[in-house]
Amino acid sequence: NAGVTQTPKFRILKIGQSMTLQCTQDMNHNYMYWYRQDPGMGLKLIYYSVGAGITDKGEVPNGYNVSRSTTEDFPLRLELAAPSQTSVYFCASKRLAGGDNEQFFGPGTRLTVL
Amino acid sequence: DAKTTQPPSMDCAEGRAANLPCNHSTISGNEYVYWYRQIHSQGPQYIIHGLKNNETNEMASLIITEDRKSSTLILPHATLRDTAVYYCIVRVRGGTASKLTFGTGTRLQVTL
């Protein structure tokens with residue numbers, strides 16, 4: 001298994017541009033998550049999904065959108081990029097609900113908005 | 001989810017045991033203690049988790065106090081590759097989303 005993969009690894013955007021961060025997992029996990037991590041800080045949850053067709057907001061959803069049309073893919077969309085969205089973005093997946101199993105993380109996408 | 005408190009940084013000599021403490025004094029009976037680590041510029045990596053018994057795997061040991069208000073992650077023989085930020089997270093056993101709430105963690109520096 002490749003696990004959780006993210007593309008691109010790096011991206012520079014201009015203010016007002018839009019882009020989609022891709023996330024794919026091949027472990028048939030139902031639960032998927034998007035986090036952002038600002039320099040020197042912990043991760044903050046943006047959006048999550050408990051299965052195909054179901055998404056919900058996390059702690060910091062403003063400025064982002066997601067969709068979950070398949071089990072494998074969970075893209076994150078930035079419509080009007082702002083400098084405050086400069087961050088490292090991590091996608092994660094998890095097999096089951098509940099506290100007794102771990103999340104697997106992708107390698108991250110480093111986004112800079114100028 | 002219960003809040004956790006960790007020291008911001010620790011040092012450890014290579015080959016020695018690294019003992020990373022975590023305080024979670026408001027933990028509920030149905031909450032697990034999870035440990036993740038993040039090596040520079042990489043995604044977080046799961047280490048271990050436990051409910052009330054001590055746990056051990058190939059990476060580390062987790063010691064949870066009897067009252068469950070604190071825990072210690074033990075890396076028995078730290079190497080330079082263990083230099084990372086270590087996150088202690090308390091997560092409810094049930095629930096539909098299983099979200100993780102990350103704090104700022106402990107930055108462990110392993111030195112020669």
Side-chain angles (χ1 to χ4, degrees), chain A residues 2-6 9-10 21 23 25 27 29-51 54-61 66 68 74 87-111, chain B residues 1-6 8-9 22 24 27-53 55 57-60 62 64 68 73 84-107:
Chain A
V4 180
T5 57
Q6 293 182 239
K9 284 187 170 54
F10 304 93
L21 283 67
C23 175
Q25 54 90 9
M27 297 174 282
H29 286 175
N30 287 322
Y31 297 81
M32 296 188 73
Y33 309 82
W34 274 106
Y35 295 87
R36 60 175 285 174
Q37 185 175 33
D38 299 332
M41 305 297 287
L43 281 72
K44 293 186 178 180
L45 182 66
I46 305 171
Y47 270 95
Y48 66 96
S49 170
V50 302
I54 306 169
T55 63
D56 208 344
K57 296 177 180 179
E59 187 183 355
V60 289
V66 294
R68 184 94 182 273
F74 190 39
S87 192
V88 181
Y89 291 83
F90 292 102
C91 180
S93 73
K94 182 177 165 74
R95 185 168 60 92
L96 298 172
D100 198 18
N101 62 115
E102 69 268 25
Q103 288 189 14
F104 294 85
F105 285 82
T109 293
R110 187 174 297 272
L111 176 67
Chain B
D1 294 338
K3 286 187 63 175
T4 62
T5 304
Q6 299 177 252
S9 64
C22 179
H24 32 78
I27 193 170
S28 300
N30 63 346
E31 289 181 312
Y32 282 82
V33 179
Y34 272 82
W35 284 84
Y36 281 77
R37 73 179 182 184
Q38 189 175 22
I39 296 169
H40 182 62
S41 297
Q42 297 181 21
Q45 176 190 23
Y46 166 80
I47 301 173
I48 198 167
H49 74 281
L51 186 62
K52 54 183 177 182
N53 297 323
E55 302 287 344
N57 63 19
E58 65 277 4
M59 288 183 68
L62 173 61
I64 302 174
R68 302 186 72 241
L73 178 74
V85 177
Y86 288 77
Y87 296 99
C88 170
I89 299 165
V90 174
R91 178 67 193 105
V92 70
R93 185 174 189 171
T96 56
S98 303
K99 294 168 283 187
L100 295 175
T101 301
F102 286 79
T104 52
T106 296
R107 183 172 299 276

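Residue numbers start from 1 in every chain, and the chains themselves are labelled A, B, ... in the order their sequence lines are given, proteins ahead of strands.
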Under 6.0 Å from the CE atom of M27(A), do we count more than 12 heavy atoms belonging to anything else shown?
yes

Gap between atom CD1 of I89(B) and atom CG of L43(A) - 0.5 Å precision:
8.5 Å

Donor-acceptor contact below 3.5 Å, side chain Y36(B) vs main chain Q103(A):
yes

Hey, could you give me the CZ/CD distance between F105(A) and Q42(B), rounded to the nearest 0.5 Å?
13.0 Å

Honestly, the part of Q37(A) sitting under 4.5 Å from a heavy atom of chain B is side chain

E102(A) vs W35(B), side-chain contact (heavy atoms from CB on, under 4.5 Å): CA-CA, chis, key distance, verdict
CA-CA 10 Å; E102(A) 69 268 25; W35(B) 284 84; over 6 Å; no

Compare every heavy atom of Y34(B) with every heavy atom of K94(A), then report the nearest pair and how far apart it is.
NZ-OH, 4.4 Å

